[in-house]
Amino acid sequence: MGYNQAVSLKIGVQIVEIIEKAPAKINLGLDVVGKRADGYHELEMVMTSVDLADHLTFTPLPQPQIQLESNLAFLPTDRKNHVYQAAELLMKKAGITTGVHIYIDKHIPVAAGLAGGSSDCAAALRGLNRLWQLGYSNEELAALGAEIGSDVPYCLYGNTAFVTGRGETVTPLPAFGPCWIILVKPRMGVSTGSVFKELNLATIPHPPVRDLERAVIAQDYAAILAAMGNSLEAVTIPRHPIIQKIKDRMMRYGADAALMSGSGPTVFALCKQHSRAQRVYNGLKGFCDEVHLVPALMTRD
Ligand code: ATP
């Protein structure tokens, strides 16, 4: 299944089940450029989707109720879940008087810097738009999603994009890849809000994200590697030095680049060659519990 492909099961004209894929993202670049009057930070990011995904299954209910279920016992299934919020928002906007059961098959690590909750939220907006045959455009869904979380607009488009503002302005870029990605998630979770609160704009590094954008457009892998960077490492690495250890280990095992994603703590390595990616994966497998080797997701539909 590609990025935005969904599976629909119909009986007659009635849709009885929809399955949506919700891929994780990584930040090839993240610069915090300033603080806005509304309290949010102004960001410049290059994001790309990876082939590690949750799957959401939507089944209609006759009564006006949102039922959530998941394979992860600790995941909230009430209003705290971004998927619940997406369903509630769409029901209200479109005046839906029936309900839905949503099963979230979670594979993306939680509170990891991989936008799992935002991607599930975007998948819920896409899936319910289809289930209830609402006909909203991606732009309309992105505007709704921005009310729930800053990464949701990007997750609605997915693939590779240049993202600015607090996440609401998404400009599609050419696909990044082919490339192998090793994701390593140390045990702890990181709260994005607490990282932004601790951020000192005067001292953080500012990676050249505009150069990175140009390098992605030119599909120049060496220039991409040279321009990668993440301002938020300056806050999360001193809190959790294991992140630096993972980065160093990835480079020692032959990664082309290693960087923290989002506010962390997940670290990703890039490798053009599969044999190298396998070496990095093997070198990290015993070091941390959660290690994944996945391809970059290159579909653009
Ligand atoms: P981002 O990269 O966008 O900051 P993240 O990967 O760091 O996101 P998430 O996995 O989205 O973090 O989880 C952040 C918080 O959101 C967690 O505390 C979690 O309980 C809550 N949450 C709500 N809905 C979901 C969901 N569907 N999947 C995962 N977490 C969710």
Side-chain angles (χ1 to χ4, degrees), residues 20-30 32 40-41 43 45-50 52-58 66-89 100 102-128 142 145-158 161 163 165-168 170 183-199 230-233 235-236 239-240 243 259-268 290 292:
E20 280 280 345
K21 181 172 167 176
K25 63 82 183 159
I26 53 171
N27 297 87
L28 295 175
L30 188 161
V32 186
Y40 286 102
H41 285 88
L43 306 173
M45 302 182 280
V46 174
M47 309 230 214
T48 197
S49 305
V50 301
L52 172 69
D54 299 338
H55 290 94
L56 280 73
T57 306
F58 305 85
I66 301 162
Q67 287 177 2
L68 277 199
E69 232 187 306
S70 154
N71 59 329
L72 268 196
F74 66 85
L75 200 72
T77 50
D78 56 8
R79 196 163 276 122
K80 286 196 213 89
N81 197 303
H82 302 317
V83 169
Y84 191 104
Q85 292 168 30
E88 200 170 46
L89 204 61
V100 64
I102 307 171
Y103 184 79
I104 309 173
D105 186 18
K106 200 106 191 113
H107 297 278
I108 305 172
V110 176
L114 298 172
S118 303
S119 192
D120 290 354
C121 177
L125 291 170
R126 280 197 304 269
L128 294 173
E147 293 178 32
I148 301 173
S150 300
D151 284 341
V152 180
Y154 160 74
C155 291
L156 271 156
Y157 300 98
V163 182
R166 71 174 174 99
E168 70 276 17
V170 181
L183 299 163
V184 178
K185 154 82 173 44
R187 277 238 170 97
M188 65 281 180
V190 166
S191 141
T192 305
S194 76
V195 171
F196 277 103
K197 215 174 273 173
E198 200 185 312
L199 197 74
N230 181 348
S231 294
L232 302 180
E233 283 189 342
V235 178
T236 313
R239 272 195 207 170
H240 302 293
I243 292 171
L259 193 70
M260 186 181 86
S261 183
S263 53
T266 301
V267 185
F268 67 90
E290 269 194 272
H292 303 269

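Since we're looking at a predicted model, the values are computed, not measured. Ligands are counted one by one from 1 in listed order, and the atoms in each one are counted from 1 as well.
- Closest to atom 24 (N) of ligand 1, if we only count protein heavy atoms, is H82 N, 3.0 Å.
- The protein atom (non-hydrogen) at minimum distance from atom 7 (O) of ligand 1 is G113 N, 2.9 Å.
- Within the 4.0 Å heavy-atom shell around ligand 1 one does not find G262.
- Shortest contact from atom 23 (C) of ligand 1 to any protein heavy atom: K80 O, 3.3 Å.
- In this structure, the side chains of V163 and N27 stay at 4.5 Å or more apart for every pair of heavy atoms.
- Residue D120 approaches ligand 1 through these ligand atoms, each under 4.0 Å from one of its heavy atoms: 26 (C), 27 (N), 28 (N).
- Note that CE of M45 is 10.0 Å distant from CG of N230, once rounded to the nearest 0.5 Å.
- Of the possible donor and acceptor atoms, one in the side chain of T266 sits under 3.5 Å from a partner among the backbone N and O of A112.
- Contacts of K106 with ligand 1, taken as heavy-atom pairs under 4.0 Å, involve the side chain alone.
- The atoms of ligand 1 that sit less than 4.0 Å from any heavy atom of S118 are 3 (O).
- Counting protein heavy atoms under 4.0 angstrom from atom 18 (O) of ligand 1 gives zero.
- Short contacts between ligand 1 and L114, defined as distances under 4.0 Å to a heavy atom of the residue, involve ligand atoms 2 (O), 6 (O).
- Inter-residue side-chain proximity for L68 and D78 is flagged as unmet; no heavy-atom pair is nearer than 4.5 Å.
- Proximity of a side-chain donor or acceptor of E290 to a complementary backbone N or O of R187 within less than 3.5 Å is not detected.
- Distance check on atom 29 (C) of ligand 1: some protein heavy atom falls below the 4.0 Å cut-off.
- In this structure, atom 4 (O) of ligand 1 lies nearest to the protein heavy atom T192 OG1, 2.8 Å.
- Within the 4.5 Å cutoff, the side chain of D120 has heavy atoms near those of the K106 side chain.
- For atom 1 (P) of ligand 1, the closest non-hydrogen atom of the protein is D151 OD2, 3.5 Å.
- Remark: side-chain polar atoms of S70 are not paired, donor with acceptor, to backbone N or O of L75 under 3.5 angstrom.
- Closest protein heavy atom to atom 11 (O) of ligand 1: G117 N, 2.8 Å.
- For ligand 1, the atoms closer than 4.0 angstrom to any heavy atom of K25 are 2 (O).
- A donor-acceptor contact closer than 3.5 angstrom is absent between the side chains of S49 and Y157.
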Intermediate values then yes/no, side chain to side chain contact (heavy atoms under 4.5 Å, CB included), I148 and Y84: CA-CA 10 Å; I148 301 173; Y84 191 104; over 6 Å; no

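- Inter-residue side-chain proximity for R239 and V195 is flagged as met; some heavy-atom pair is nearer than 4.5 Å.
- Protein heavy atom at the shortest distance from atom 20 (O) of ligand 1 is P76 CD, 3.9 Å.
- Panel note: side chain S119, backbone C155; no donor-acceptor pair is recorded below 3.5 Å.
- Relative to atom 13 (O) of ligand 1, the option among G193, A115, A111 with the closest non-hydrogen atom is A111.
- Residue-level proximity to ligand 1 for L75 is carried by the side chain, the only part with a heavy atom below 4.0 angstrom.
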